[in-house]
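Positions are given from 1 along the sequence.
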Amino acid sequence: MREVISYTRFAVIANVACILLAQGESRKHNITCSGNIYRSADGQCNNLWHPEWGSSNREFSRLLLPMDEDNLEQLPPTEYVSQKIASYLRRQTLSYLPRTSVFHMWTELLNLDLNLPSETNPTENEATSYLDASFLYNPSESVNFTETLENGDLAFHLCKNCQSVSPHGISSINLLALEHNRVADIVRKMNPHWDGQTVFEESRRVIIAEIQHITYTQYLPLLIGDTFYPKVDSNTRLNAQSNYNYDKELPVEIYFSFVDVLMKALKKNYIKSFEESNSFSTKNLLQYSKQAIPDFPSYLNREDIDEMLLVSRQHKLRPYADWIEFCKNNPTTSASYYSSLSRENQNVLNDIYEKTSHVELVAGALTEKVLSNGIVGETMSCLATIQFTNVKNGDRHWYTRKNHRHSFSAAQLRELMEQVMMSGLVCANANQHFIQKNAFLVHDLSLNEAVTCSSLPSFSLINWNKNRNIDRLKKEQIIKEAIRRAEDDLDRRRQTEFLLWSQKGGVDPKSPIGTAAAFSKPNKNALLLANNSILLEYASKELQNIFNEKFKSKRLKRQTHDSDDPSITISDEGNFLQEIDISSIIPDVSRELENSCPAEIAACDPSYPYRSFTGYCNNLRKPNWGKSLTTFSRILPPAYDNGISKPRYKSVMGIPLPSARLISSMMHLDVSNLDSKHSMMLMQFAQFLDHDITFTPVQKGFFASIPDCRPCDSPRTVHPECMPIEVPAGDPYYPQVNFSTGQRFCLPFMRSLPGQQRLGARDQINQNSAFLDLSQVYGDNACLARQLRAYQGRLNTTISLYGDKELLPQSPTHPECKATSGYCFIAGDGRASEQPGLTSIHTLFMREHNRMADSLRSLNPHWEDERLYQQARKIFTGQYQHIIYNEFLPRLLGLNAMNVYGMNLEPPTQYFTGYTNDCNPSALTEFASAAFRIGHSLLRPFMPRMSSSYQPLDPPILLRDTFFNPDIIYQVIIINYV
């Protein structure tokens, strides 16, 4: 075997040759450098001592001396080598997390920036050797995509001679041109005194910093893996104070070995990816951020490898064994480089080459084992590490370099390092709404979940405002950062909920706990709103922490923030967060409600004569007031323990509040005294009315499960929204210890769904409209109303098997239905089958609507179905309102209260004239949670039945046996008896 020439000899000769060449060219051109704070377009004068180093139109360089001609002649044919290598690669199974087409797009961007061979002399590089977006700002003769406008913007166009650039490259150039113009627009508005050239140079400086940051913190870790990346990234961690060590004696050149092996192999792979994807543009970046690219290097075919071998032989790259020796002895890579070939690799290469010393770099590097979290083997990682380390350490304008005229300020660098990421770059310029956090990796539910673009850090350049007029932007940035952290908090909460659900599961919907949960079952849209509300709660807590820390530091007179931080005045400790406008930061989630029933967001039509089902546009000026799926209003602000959402556990005196069970057992004795004036209809109509104007849904678990909140530690072990009620000592009914578990005895309670779509304190969601519009009969949205309708203006019904009048329509899909028949009744409100009394009144109101519709049809046979339905609904709603104010409320409140508060009806000949569009009709939290719960104290454990002659019928109906078990309603004229 031929003796391997030592690394030291190669390194010394190659480096001396590079230095002498650079110095010679510098003297030849007699370049004078002025020390401009901005980069030159062609890379000259980046190194003030060696002005030509790294500039464009220079020869590619070498890490090792070229191979001898005699050795080249002994190599086997490239076709034979490529066939063997391609066959081996196809048999390999790779296990790394797939990269996306965005990864390939960035690879092409780097290729254009560092590797642009001249068409007339392929050994000459028309690109600079710095990571400086030279493809964007230093157009070559062969590739010219942009031109600079007078205001500092870039104009992007497809040049006539750019056919060699892949669509991935075109998209990357277009993306960065858009980002340049976005940055230019921001800094131009912040600094109106800047001329176009200054705007251009500052924007260019920012774009180059973004490219460098994304490349070294997000791209390279996924290319070269964990073993080599720390060598490249020793000074580019997210630490604005990191000390970058510039080396003015380091010649920055692009090496043949880097472009001929690593970049060419990667380029072959992304060309294959493009051929499969057909098109690639900035407009569909989101789609391609989800598309996995082919595995590297197994996707390389025989023609690809054959071309790589031909180029490497043309450039006389030394044998693979020399590169192993080189990487083992290079100070940058020696500690990370160990062995390269497994026994299987060696057998494959021995089968191709007569001698080990003949093995070529391309063949050896492609057959290496892929490194952990990377996509290439050791030798390719070694080449990339050396190349990118030199590109960074030899760049006088590197973005993390400090204490120089061209350095970013500490605040600018901190903002750049904390906020710039590939997914954010795509979101800012591709008009997307959702993307995975790491755009280079495929979407993964647990490792790389898709998030809203608004939750990602937004690079807003607030520290580039030289006029310091940045209070508003900084406030917005603080809020965005809080929302980003809240996204992380919410992700952790969901993972915890899933883990607890997988361990505990849920209760049977037909169990007592399941029955209780059915009284407050949320619909899909309520859950969607609640998810966003919880996110905003977490963001509010984050902001609360930020503000508290800020005010604490002010009180202690410690300067912990920049002097130009915004001053955010808290006018009221209880509601200051509610005053923050987040409409430009958080998208309106109401537009994302269930597609099967589109959200009502159109302009109101004053000429339309009928109500909407949701209550939308009842108030033409404020159409969302009183609408379903909005929050309850409040008389007084909430008093949460933490000001946001934590339930109140302490009194105004600072002592713990007593158990709710203790208060109820002491204040409300379990004694039933029958009222001599009012029938059970008072209770039943009150419940029916309550189901029209309030519906406070509660939390659900994963997969619509019902969490078991009985354990006293259930907020920690079952669901974070559990709020069990402790049983006090000496309780007249419940024991203090659960005899079956030996644990403390608690009563299950689940918190209500939040619905606020703003920062600040939690408000609960109302799933019904707040108007007296019979939504419990017709439904609270158009989709449900459509399901409940029949023909000729009527509501849908069930024909009684016993020849009785019509019953409510049936459904076999109620999970909480306990009827032996398997069917429960449905109506506009999902609780219609809760108990026989409620089912009976629902049935009466359905029959009354149909009676009206039949009468209107006989009077107006020319009316179509829609008009019959809407007119019957309109008349019946008026009848219902009349009953409430003429009969129900006077009995409930008394005539005196009706007079004092002006709730009496007008005389029959007069219309109501008291309407005002300034009155918010939304149901009050105090009303729904406290005042109108009086109906619960009017319940009896059984429901007596009366005959047609008003005589008691035995046996009475036991409520405990009929919750969501309406089979008794099928009995002959049972509605009349109830």
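Sorted by first and then second residue, the side-chain hydrogen bond (donor to acceptor under 3.5 Å, both in side chains) pairs involving residues 907-920 (not counting sequence neighbours) are Arg621-Asn917, Asn920-Ser922. Each disulfide bond (SG atoms under 2.5 Å apart) pair with one or both residues in residues 814-905, not counting sequence neighbours, appears once here: Cys817-Cys824.
A salt bridge is absent between Glu721 and Lys646; no separation between the charged side-chain nitrogens and carboxylate oxygens falls under 4.0 Å. A salt bridge is absent between Arg831 and Glu834; no separation between the charged side-chain nitrogens and carboxylate oxygens falls under 4.0 Å. Here Arg762 pairs with Glu537 in a salt bridge; the nearest charged N to carboxylate O distance falls below 4.0 Å. Salt bridge annotation for Glu866-Arg789: present, with a cationic side-chain nitrogen under 4.0 angstrom from a carboxylate oxygen. A salt bridge links Asp763 with Arg758; the closest basic N to acidic carboxylate O contact falls under 4.0 Å. Taking the charged nitrogens against the carboxylate oxygens, Asp708 and Lys504 have no contact shorter than 4.0 Å, which rules out a salt bridge.
Arg851 forms no cation-pi arrangement with Phe876, by the criterion of a distance under 6.0 Å to the ring centre and an angle within 45° of the ring axis.
Here the two rings, on Phe845 and Phe688, have centers that are under 6.0 Å apart. Aromatic pair Tyr823/His814: ring centres not closer than 6.0 Å.
In this structure a side-chain-to-backbone donor-acceptor pair under 3.5 Å is missing from His678 to Leu892.
For the side chain to side chain contact (heavy atoms under 4.5 Å, CB included) test, residues two or more places apart in sequence or in another chain that qualify with Ser511 are Val507, Asp508, Ile513.
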